[in-house]
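As structure tokens, the structure follows; a few thoughts come after it.
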Amino acid sequence: MMLHELTLNELTARLAAGEVSSREAMQACLDRIDAVDGSINAFMSIDRDDALGQADAADERLTKGTTHAEQPLLGVPISLKDIFCVKDQPANCSSKILGNFRSPYDGTVVQKLREAGAVIFGRVNMDEFAMGSSTENSAFGPTGNPWDAERVPGGSSGGCAAAVSAQECFGSIGTDTGGSIRQPAALCGCVGIKPTYGRVSRYGVVAFASSLDQVGPMGKTVRDTATLLGAIAGHDPRDSTSVPADVPDYAAGLEGDIKGVKLGLPKEYLGEGIDPEVRAAFEAAVKQYQSLGAEIEEVSLPHAEYGVATYYILATAEASANLARFDGIRYCDRVEGDDPFALYCNTRGAGFGEEVKRRIILGTYVLSSGYYDAYYIRAQKVRTLIKRDFDRALEKVDALITPTVPYTAFKAGEKTGDPLQMYLSDIYTISCNLAGTCGISVPCGFTNDPKLPVGLQLLGKPFGEQELLKIAHAYEQSTPWHNERAAL
Amino acid sequence: MEYETVIGLETHCQLKTQSKMFCACANEFGADPNTNVCPVCLGMPGVLPVPNERALQLTALTGYLLNCEVPKFAKFDRKNYFYPDVCKDYQITQFDFPSTTTGHVDFEFEGGIERVRITRAHLEEDVGKNNHFDQHSGVDFNRAGVPLLEIVSEPDIRSADMAYEYLNALKDILIYGGVSDCDMEKGMVRCDVNISVRPKGATELGTKVEIKNMNTFSGVRRAINYEVPRQIETLESGGSLVQETRRWDDDAGITETMRSKEHAHDYRYFPEPDLMPLRPSEEWLAEVRTHIVELPLARKQRFVADYGIPEQDAEVFVGNVLLGDFFEKAVDGSKNAKAVANWVINNLQAQLTETETSVDDLKFGPEAIRELVEIIDGGTISSKGGQEVFSELFKNGGSPRAIVDAKGLTQVSDTGELEKWCQDAIEANPGPADDVRNGKENAINFLKGQVMKASRGKANPQLVGETLAKLLKD
Amino acid sequence: MSDSEFDIKYVANLARIALNPEEEERLGSQLGDILGYVKKLEELDVSDVEPMAHAVPLDNVLRADEVQPSISNDEALANAPKVANGLFVVPKIVE
Ligand SMILES: [Mg+2]
Ligand SMILES: [Zn+2]
């Protein structure tokens with residue numbers, strides 16, 4: 001078996017045993033990237049010297065006896081979505097506007113990854129400012145799906161999912177505002193978890209929609225994401241929305257049967273618009289759960305159909321303010337003007353891509369005088385209703401079970417002309433962010449021709465990541481899907 | 001036609017904290033440009049704000065000092081506008097649920113007490129500072145993120161002078177409460193003035209003109225004194241006023257329409273999603289209330305009423321709180337508050353100023369002043385002797401009685417001894433003695449001086465006068 | 001909610017984004033569609049519902065008033081397009 005084919009936890013076992021070095025693992029990733037990333041284009045930039053330097057430092061610690069109990073990611077190469085601030089490294093958010101920006105500081109997730117011993121390397125592609133569901137909205141070109149490079153990897157954390165599925169790294173950290181971790185994980189056939197809002201610090205993550213954004217890991221297996229989540233989760237005094245709650249040892253709590261676990265099947269999620277093969281794979285997964293001893297119960301999320309509309313009002317409103325700072329004064333590629341007004345318009349007109357412009361303008365409009373109550377306040381009220389639906393449903397069951405996406409990876413360019421259709425691809429994932437709870441996508445099979453991965457989504461109780469991971473892990477270990485790799 | 005002026009003020013005061021509102025940079029004036037900055041107050045990508053608890057405490061305290069309500073729920077909002085000195089292109093402020101609401105300020109004006117109602121005092125972050133050059137402007141973000149309290153008044157002010165007095169009263173209250181240093185030189189207080197005029201008796205408000213960013217109180221007074229006649233003249237000559245923002249040109253002494261291209265203002269306020277709401281607990285508020293101080297006006301009124309001292313003396317004790325507190329302890333149990341006030345103001349304050357020390361450095365307690373007044377009033381020492389006792393007290397501490405004993409300053413009122421000194425003086429100075437006898441009464445002062453000299457100041461001066469007069473008559 | 005009032009030029013100006021005429025037309029019509037879609041929310045009676053800003057309730061999240069080191073002027077200006085004398089240089093601001 002080639003080194004890059006190992007899971008994260010297989011790698012740490014070998015690093016701990018001294019069978020491989022972190023430098024070898026890092027080099028294996030770089031070689032793999034050289035071999036396959038030409039067609040995938042997951043990586044936008046890699047500081048190779050810095051990466052190998054970090055690996056050497058990890059090897060030194062390993063030699064001196066530091067264990068993975070102390071530093072669970074010691075020596076493990078991890079890639080980051082281009083949205084995280086790493087000191088002295090670029091953070092472009094796949095946008096032109098930031099130019100040669102280098103972050104003056106490390107964000108909290110980056111600090112935590114360093115504390116856990118990870119080798120942080122490479123900046124992976126995304127939809128510009130995390131706005132999109134296909135990674136086509138990148139100023140650095142689209143990313144291909146490892147299962148079929150003509151198809152999209154999903155988005156906005158498409159680069160993370162593609163890099164993991166193409167085995168170019170041992171795990172990747174993304175962000176999820178309306179499905180941006182789970183949807184690409186589903187389309188690329190890897191595991192992705194969106195933690196509960198407040199579970200992982202947002203400090204050092206370029207904000208899209210502050211009340212919805214959440215950082216989460218992607219990996220080849222549930223266990224890998226559990227290990228990564230354990231490293232990055234926890235209260236952060238620099239993030240006022242971070243929740244002071246203990247972080248369990250997620251990886252240690254995966255085992256055990258799930259007999260008697262109650263899974264709720266939202267009846268609203270299996271209506272029209274779902275691809276028949278996706279439905280078939282999902283139904284087989286439900287049966288599999290039953291055979292594992294889980295009880296399936298139909299539940300109702302009556303306001304689910306309002307999720308996308310609610311989301312596009314709230315997320316764009318927040319984004320319109322969050323992205324105002326990209327103005328060409330303190331950073332960004334400036335396009336001069338005779339006065340500040342002209343400078344702003346020119347800089348932002350030239351620097352932002354079309355989807356970002358569309359959303360900023362929408363968000364500006366829904367907040368503007370005379371429309372605020374009709375759009376923004378109404379959407380905040382509907383958010384309350386959606387949250388209530390979740391609370392009620394999760395009172396009766398341990399988790400909800402749904403498909404992650406109603407279809408599989410679509411062809412590049414297929415939906416770019418119709419933003420609304422693109423938005424609707426987040427229909428199953430979006431409510432989880434509005435309700436603030438946690439969700440995971442795990443592979444649950446493939447379509448036949450072409451062979452494309454299908455994702456299963458589980459939605460858990462707030463701060464119920466441990467239970468969710470356990471439920472996902474039981475399924476994963478009883479099915480063959482997580483062992484399948486894209487042929488590259 | 002007679003017109004009435006209607007003025008409301010929005011006063012911004014920097015709060016006296018160590019660090020900024022949402023980051024840990026120093027809240028400090030005068031540093032080199034862009035050195036008190038960090039990713040947060042520069043609005044770098046990915047940063048988040050965390051509110052400074054002290055700033056919230058000072059806000060609530062101000063609320064109490066301004067007789068405001070301190071609501072059980074408040075929150076922060078974003079005010080969106082693009083401007084080079086606004087690092088995120090939105091300002092974090094409080095919109096519909098501010099930390100304090102509905103209060104008032106009472107202050108002395110034209111011999112009476114006026115009340116200006118306070119709409120709200122809300123917390124926000126200051127913006128950076130623009131420096132203007134020939135071709136360009138340059139932005140310094142040191143000030144960006146400094147906690148700023150915006151105190152909004154109701155349109156209760158009727159004249160420039162009243163606005164001036166209100167601002168001074170407000171400033172005194174904030175300094176008193178330890179809320180803000182209100183140092184005008186350092187730009188710690190800035191205000192926006194809303195002015196309109198209307199025919200006397202009208203109930204509807206006239207067209208409102210806003211004069212922005214005034215940084216001296218005298219400037220505010222002058223600007224109003226310019227703007228009110230301008231508005232009246234415009235109306236009188238058949239013109240009409242437009243609702244606008246004007247700029248005060250302090251050198252020219254005029255207001256003028258802001259020349260900047262007016263792009264539509266639509267601040268698009270919405271709840272700051274990076275911050276959670278504020279629900280001050282009863283304990284938290286109770287702690288804040290322990291810092292409530294007596295307001296200047298109340299203190300002055302109390303000093304005059306309770307101690308019967310003149311208004312000017314009371315004002316000294318309002319202006320110098322430590323001295324006033326010292327006075328209050330000194331006067332406790334004294335029968336002569338006026339004299340105690342005199343010693344504290346005329347002697348103690350002067351000495352403190354001269355030696356550049358403070359009440360906290362004194363080598364004696366307030367009871368010493370009370371005792372000093374007592375022994376003077378009781379005739380133990382003369383007031384001249386009192387001066388000597390006070391200097392010793394100030395220099396080395398101790399008690400006035402002990403000093404009097406140690407220095408042998410006890411006043412001599414024994415008639416026998418006095419008569420001897422007086423007799424000696426008359427005999428030694430026959431000329432002046434004759435002058436007195438011949439009706440030149442002033443000449444007695446010379447003799448008195450001689451007696452005092454001979455007694456080394458210990459003779460009771462009043463008795464010396466009486467004795468000399470008696471002896472010269474006989 | 002009336003999207004017929006949607007004035008792309010006005011809103012793009014508010015958002016400080018220069019659009020060329022094609023963008024104006026394309027974005028204008030796409031945004032019209034999206035606004036038509038979000039009208040869905042009008043179907044719901046929300047008169048008795050509280051608006052929600054965050055799904056996870058926390059309050060009084062505060063920090064102690066303590067100073068920590070700032071960054072240097074060089075670091076502060078490192079990404080700035082134009083600087084002079086330690087300041088961020090912008091076109092002349094007319095007040
Ligand atoms: Mg304000
Ligand atoms: Zn700062």
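To find a chain, count down the sequence lines: A is the first, B the second, and so on, and within it residues start at 1.
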Select one option (side chain, backbone, both, neither) describing which atoms of [X] are under 4.5 Å from chain B's heavy atoms.
{"X": "C/Val83", "answer": "neither"}
{"X": "C/Ala15", "answer": "backbone"}
{"X": "C/Ala76", "answer": "both"}

For [X], does the [atom1] atom have more than 12 heavy-atom neighbours from other residues, nucleotides or ligands under 6.0 Å away?
{"X": "C/Glu25", "atom1": "CD", "value": "no"}
{"X": "C/Glu43", "atom1": "CD", "value": "yes"}
{"X": "B/Lys79", "atom1": "NZ", "value": "yes"}
{"X": "C/Asn85", "atom1": "CG", "value": "no"}

Side chain, backbone, both or neither: which part of [X] has an atom under 4.5 Å from a heavy atom of chain C?
{"X": "B/Leu275", "answer": "backbone"}
{"X": "B/Pro84", "answer": "side chain"}
{"X": "B/Gln135", "answer": "backbone"}
{"X": "B/Cys41", "answer": "neither"}

Looking at side-chain heavy atoms only, is the closest gap between [X] and [Y] below 4.5 Å?
{"X": "B/Leu278", "Y": "C/Leu62", "result": "yes"}
{"X": "C/Leu87", "Y": "B/Asn131", "result": "yes"}
{"X": "C/Val89", "Y": "B/Phe133", "result": "no"}
{"X": "B/Val37", "Y": "C/Ser70", "result": "no"}
{"X": "B/Leu42", "Y": "C/Ile71", "result": "yes"}
{"X": "B/Asn52", "Y": "C/Arg63", "result": "yes"}

Practice item. Indicate yes or no for a side-chain donor-acceptor contact from C/Asp59 to the backbone of B/Met276 under 3.5 Å, with no hydrogens or angles considered. Key: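 Side chain of C/Asp59 to backbone of B/Met276, a donor-acceptor pair under 3.5 Å: no, none is there.
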
Exercise for review: Verify side-chain contact (heavy atoms from CB on, under 4.5 Å) between C/Asn73 and B/Asp32, making sure each step is shown before the conclusion.
Suggested key: CA-CA 9 Å; C/Asn73 183 259; B/Asp32 286 341; over 6 Å; no

**Study point:** For chain C, the option from B/Cys38, B/Pro33, B/Pro51 that forms the most heavy-atom pairs under 4.5 Å
**Key:**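 Highest number of heavy-atom pairs under 4.5 Å: B/Pro51.
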
Heavy-atom pair with the smallest gap, counting every atom of [X] and [Y]:
{"X": "C/Lys92", "Y": "B/Ser137", "result": "CA-OG, 3.6 Å"}
{"X": "B/Pro277", "Y": "C/Leu58", "result": "CD-O, 3.5 Å"}
{"X": "B/Phe82", "Y": "C/Leu14", "result": "CE1-O, 3.7 Å"}

Practice item. Pick out which of B/Arg54, B/Glu53, B/Met21, B/Lys20 makes a side-chain contact (heavy atoms from CB on, under 4.5 Å) with C/Asp65. Key: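 Exactly one pass, corresponding to B/Arg54.
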
